[in-house]
Amino acid sequence: MQESISFTPQLAASSIAHLLWLVPAAPIVAAGVTALLKQPKRKTSATMAIGSMSLSLMLSLVAFAHVVGAWAQGLAARETVNFSWIQFGATNVDLGWVLDPLSAIMLVMVTLVGLLIFIYSVGYMAHDENFTRFFCFLSLFAGGMLTVVIANSLLLFFMGWEIVGLTSYLLIGFWYQKPSAAAAAKKAFLVTRVGDVFFLLGIVWLFAQTGTLLFYNNGAGSMEHAALAALLGQPALLGLTAAGAIGLLIFAGAAGKSGQFPLHVWLPDAMEGPTPVSALIHAATMVAAGVYLVARVYPLMQAGALAGGTTTALTVVTWVGAFTAVFAALIAVAQNDIKRILAYSTVSQLGYMMAGLGMGGVAVGMFHLITHAFFKALLFMGAGSVIHGCHDEQDIRRMGGLKADMPLTFVTYAIGMLALCGFPLLFSGFWSKDGILEAAQHWSVAKTPFYMLVFGALLTAFYMTRQVAYVFFGHWRGGKTAHESPSSMTTPLWILAIFAMALGLIGTPAWPWFRAFLEGHATRFDMLGFAEPGLLALMGVSTVVVFLGLGLGWRVYGNRTPNPDEPDVLEAASPLVWGWLHDRLYIDEFYGLTVVAFYGWWGRVSDWLDRRVWGGLVSAVARVFGLWAQLNRFLDTNVVDGSFDKGCDELASGGGLLARVQNGRVQTYLRILALAVAALAVLLIWSSRA
């Protein structure tokens, strides 16, 4: 294997760059070994899974510290390890991994949140008979996601991407005995494959145009100047350059994985999996992979943009993200399943991330991804704690008053809820969300996304207040008395709660460390950062919106104790609107009547063609060749074999006659000779007279 390390002349090659492959390898190996264990090996499988993620976290922290150290010294901290994988004639297909600020911070987030979810799963899945299989799938999932994070090649990225897709299918449908879980797994797999087809087309096109799928390779990578300049010079369809068209194809793949409209329909149904799966998929890993993909290929998306401008690809990313943010938030208002509310909230927040990437750049979108990973993992795991304490009940209308019965879960859940709502100053979601709103406010194309995202923030505060009021306030409306979850579940909640609050410190205008780190420039603490024109006014608007949403939510739902069978307050006020939102604006039904119906019809047509047309042709050909075989058999038996047998009989008869003559007696030979001489004499006499 040929290796090459690419780095700036000031930055020495590091051993951690060479060893970065161990980060995804550890959980993948754990998954392979666990797959060979017998089902009762519960402790061994959990130990291997948690141990492998702990090792990955330690390696990630070392890598992160290395990159931070290089950045602090003013060095461009990007190192790649590339090698030739397959050669076709004179063409090499190269793979590799990259260590830079983007991958370093993602590695820490994925391994830390993943480790906490693994620990939480020990308590949550303690009584599941397929405990060992669960941790096998969980480890493989983590390995695939970490492969995505370190990849310096779109091909290696796609390999990890598909591992994530496969294991998400296995985890969503983990309780396959439930028809709804099996259906949700198939739905997730098929819908995300739609995006993956476009992603694969983008990969093939990029390779055809640039001859490489490496992101960075000493100036020869597909995300570097020479390749991007060549792509900008190649025209494509509808006035797009090759760079713009390939960027849109890749974004389609990202939209599928990150649940962007119209490929969002799989994500809420993924709630059929165990709650740790929901936390892993909807917080730090699978759905974040699409956002991370856009961030990783951002040079391609931005290629051709003028200073301060945008491109067609980034404009599409922005509008899709903004629409998804509002669309999903509206649906979340009218859901009653505690996990489904969080699922639509995730779709909405992913829309914010995409819009942030489109309007503000990598740092803006990725900061919200990182903060969201912690507070949404906290919320999902908190929801799992509620479900566990309420004896598997998930309908918020059949809960209530849990702040007394589950105080630890309540406090941590409230922190996650306020972080998601963007409660001012104290919570990380406020700073990351405001970064997106600021970018939207200054977007040169249009102001509509700004108003859409502000409205989405209002809806977020409203539906989360509704959920918390139903679950933790009022009086208990369920059956059995609720109870607090074990420490193996509540301890990770506290750790995530701390991060949900503290992470905001690295992204404030006074100390924009996160942006400076990703963009590679120095920063320092300076309160004058708040003096940026329009910033305080924006923060005021954001604060008012959050308090308005919280106030409206509490005004409508606070301390109420409705009968579980009574209609919701909003449902009673406007049954038509509520019905549309509760039924998810009938997008699934629309797909059922169009796309699904078309493929069902096409499947029946294909079945008819297979049975009646192609099957009939095959049967006709088979009959023709059957008749031909019978004719051949007749000819072979009665003509060929008959003639041959007759000839053989004649030869046998002649041979028998000669055998009687050739008996070995001299007298017989002399008689024959005498007869022959006499015959010869007669012939000669007859000839002479003639």
Side-chain angles (χ1 to χ4, degrees), residues 4-23 55-82 96-113 115 146 149-152 215-219 221 223-224 284 292 295-296 298-299 356-357 360-371 373-374 428 431-432 435 498-499 501-532:
S4 66
I5 299 289
S6 66
F7 49 89
T8 57
Q10 297 85 358
L11 185 62
S14 65
S15 58
I16 188 61
H18 288 279
L19 298 176
L20 199 63
W21 64 273
L22 289 172
V23 177
L55 175 61
S56 295
L57 175 59
M58 288 188 290
L59 291 171
S60 299
L61 289 171
V62 172
F64 178 71
H66 171 76
V67 176
V68 170
W71 168 72
Q73 298 175 38
L75 303 177
R78 175 179 290 130
E79 303 174 49
T80 61
V81 178
N82 302 322
W97 51 87
V98 60
L99 178 60
D100 63 1
L102 182 60
S103 62
I105 204 160
M106 276 291 289
L107 283 175
V108 174
M109 183 273 288
V110 171
T111 52
L112 177 57
V113 175
L115 176 60
L146 291 170
V149 172
I150 70 167
N152 186 44
F215 296 132
Y216 302 100
N217 186 27
N218 293 316
M223 296 297 122
E224 297 180 285
Y292 179 73
R296 180 52 77 189
Y298 198 79
L357 286 170
V362 173
V364 173
M366 288 300 298
F367 186 44
H368 196 56
L369 183 151
I370 297 297
T371 60
F374 286 93
S428 60
W431 302 108
S432 59
I498 293 171
F499 278 97
M501 298 180 68
L503 274 177
L505 297 176
I506 64 174
T508 65
W511 191 46
W513 183 92
F514 188 87
R515 177 188 286 271
F517 178 61
L518 285 189
E519 296 178 354
H521 58 76
T523 187
R524 62 187 178 86
F525 183 83
D526 187 357
M527 290 299 292
L528 291 178
F530 286 103
E532 182 179 338

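Below, all heavy atoms of this structure are taken into account, side chains as well, without hydrogens, waters or symmetry copies. This structure is a prediction, so every number in the text was calculated from the model and none was measured.
- Proximity of the aromatic rings of W71 and W513 is defined here by a centroid distance below 6.0 angstrom, and this criterion is met.
- Residues T523 and R515 form no side-chain contact, since every pair of their non-hydrogen atoms from C-beta on lies 4.5 Å or further apart.
- Looking at F517 and V67, their side chains come closer than 4.5 Å, going by heavy atoms from C-beta outward.
- With a 4.5 Å cut-off on side-chain heavy atoms, V62 and L19 do not count as touching.
- Between the side chains of S432 and T371, a donor-acceptor pair is found at a separation under 3.5 Å.
- The line from CG of D526 to CG of L528 is 4.0 Å long, rounded to the nearest 0.5 Å.
- Counting non-hydrogen atoms of neighbouring residues, nucleotides and ligands closer than 6.0 angstrom, the CZ atom of F514 exceeds 12 such neighbours.
- Going from atom CG of L22 over to atom CD1 of I16 covers 8.0 Å, rounded to the nearest 0.5 Å.
- For the atom pair OG1 (T80) and CZ (F215), the distance works out to 12.0 Å, reported to the nearest 0.5 Å.
- When every heavy atom of F374 is checked against every heavy atom of M109, the shortest pair comes out as CE1-CG, 3.8 Å.
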Show your working on side chain to side chain contact (heavy atoms under 4.5 Å, CB included) between Y292 and V149 and close with a plain yes or no.
-> CA-CA 8 Å; Y292 179 73; V149 172; 4.1 Å; yes
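- When every heavy atom of N218 is checked against every heavy atom of E224, the shortest pair comes out as N-OE1, 3.9 Å.
- Once rounded to the nearest 0.5 Å, the distance linking CD1 of I370 with CD1 of I105 reads 5.5 Å.
- Minimum interatomic distance between G504 and S428 (heavy atoms only, all atoms of both residues): N-CB, 3.4 Å.
- Across all non-hydrogen atoms, the minimal contact from V23 to L146 is O-CD1, 3.6 Å.
- To the nearest 0.5 angstrom, T508 atom OG1 is 8.0 Å from M527 atom CE.
- Between L59 atom CG and F64 atom CZ the span is 15.0 Å, to the nearest 0.5 Å.
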Which is it for R296 and M223 under the side chain to side chain contact (heavy atoms under 4.5 Å, CB included) test, yes or no, and what are the steps along the way?
-> CA-CA 9 Å; R296 180 52 77 189; M223 296 297 122; over 6 Å; no
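- Of the possible polar contacts, none joining the S56 side chain to the T111 backbone as a donor-acceptor pair under 3.5 Å is found.
- Between L518 and F367, every side-chain heavy-atom pair lies at or beyond the 4.5 Å cut-off.
- Using a 4.5 Å heavy-atom cutoff, the side chains of N152 and N82 are in contact.
- Side-chain contact between I150 and L99 is absent, with no heavy-atom pair separated by less than 4.5 Å.
- Contact of the Y216 side chain with the P299 side chain is registered, since non-hydrogen atoms from C-beta on lie closer than 4.5 Å.
- In this structure, L20 and V81 have side chains that are not in contact, with every pair of non-hydrogen atoms separated by 4.5 Å or more.
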Decide yes or no on side chain to side chain contact (heavy atoms under 4.5 Å, CB included) for W431 and I506, but give the supporting numbers first.
-> CA-CA 9 Å; W431 302 108; I506 64 174; over 6 Å; no
